[in-house]
Amino acid sequence: MILKKTGHKYLLSLYHRVDDFLSDEISEHELPDTVVDFCTVVEKILKIKLHNKNPFLVFDITLVKDNNVLSIIALKKEKDIPTSNFRNILDRFKIVFKDNLTPSEAQALLGIYKVRSHLKHSHNPDNHIDFNADDISKKMGMVWGKISKIAISLFGEELNKTKKPKKKYTEKEFE
């Protein structure tokens, strides 16, 4: 997960698309696609940050059938081992980077990710969800500032044009 200019152009394009949506430069009918893009950006940024801290933090070791998981991961190529799901990545991120996300922000991220899963896998009839566009937009806006700070720490000057979300919950409103 070494950051190379050619290796993260797509992630940066998604980042800017979400940033444009949250600053009201893209219309509401783009919300479903933006939710999916938002979750992709957040998940990748959290994984990159964890990977930079310790590469083992992003892997799903439950699938490795060996007692010495660390040596298996070290000997294999990273691309051969699946990464953890979003909930595990978020939990690990909260443990490793304690002060980066509040419990309300983490809860908002899980709510947005649930909507994303419904949008991508809506064929599942048990996965009922109320899609409130204003609520989802505000939740994304609520955490976007912190996600942007993390992204800027990873990508630097390329994200210098980050805009402020127009719609967002405050911590107090969210509770």
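These numbers come from the heavy atoms of this one structure, side chains and all, not from hydrogens, waters or symmetry mates.
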Measure the [atom1]-[atom2] distance between [X] and [Y] for me, rounded to the nearest 0.5 Å.
X	Y	atom1	atom2	result
His16	Leu12	NE2	CG	5.5 Å
Lys139	Ser104	NZ	OG	11.0 Å
Ser117	Ile112	OG	CD1	12.0 Å
Ile45	Leu50	CD1	CG	12.0 Å
Phe93	Asn100	CZ	CG	4.5 Å
Arg87	Lys114	CZ	NZ	9.5 Å

Closest approach of [X] to [Y] (non-hydrogen atoms, all atoms of both residues):
X	Y	answer
Asn85	Asn88	OD1-N, 2.9 Å
Ile89	Ser84	CG1-O, 3.7 Å
Arg92	Val58	NH1-C, 3.9 Å
Pro32	Leu119	O-CD1, 3.7 Å
Glu105	Met142	N-CE, 3.7 Å
Tyr15	Val41	N-CG2, 3.6 Å

Q.
Applying side chain to side chain contact (heavy atoms under 4.5 Å, CB included), can you list everything that pairs with Asn54, at least two apart in sequence or on another chain?
A.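 For Asn54, the residues satisfying side chain to side chain contact (heavy atoms under 4.5 Å, CB included) (neighbours in sequence not counted) are Phe56, Leu57.
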Answer yes or no: is there a donor N or O on one side and an acceptor on the other, between the side chain of [X] and the main chain of [Y], under 3.5 Å?
X	Y	result
Ser137	Asp134	no
Glu43	Thr40	no
Thr83	Phe59	no

Q: Determine, for Asp91 against Lys94, whether the closest basic-nitrogen to carboxylate-oxygen distance falls under 4.0 angstrom.
A: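 Answer for the salt bridge query: yes.
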Taking C-beta and beyond as the side chain, do [X] and [Y] meet within less than 4.5 Å on heavy atoms?
X	Y	result
Ile147	Val18	no
Leu11	Phe155	yes
Met140	Thr34	yes
Leu90	Val42	no

Q: Take Leu14 and Phe38 through the side chain to side chain contact (heavy atoms under 4.5 Å, CB included) test and state the conclusion after the steps.
A: CA-CA 7 Å; Leu14 291 181; Phe38 175 90; over 6 Å; no
Q) Who are the salt bridge (Lys or Arg N to Asp or Glu O under 4.0 Å) partners of Asp33, not counting sequence neighbours? A)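 Result, salt bridge (Lys or Arg N to Asp or Glu O under 4.0 Å) vs Asp33: none returned.
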Q | Lys49 to Phe97, cation-pi by 6.0 Å centre distance and 45° axis angle | A |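 Lys49 over Phe97 ring: yes.
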Q: Taking the six-membered ring for Trp and the full ring for Phe, Tyr or His, determine whether the centres of Trp144 and Phe21 are under 6.0 Å apart.
A: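 No; Phe21 has its ring centre 6.0 Å or more from that of Trp144.
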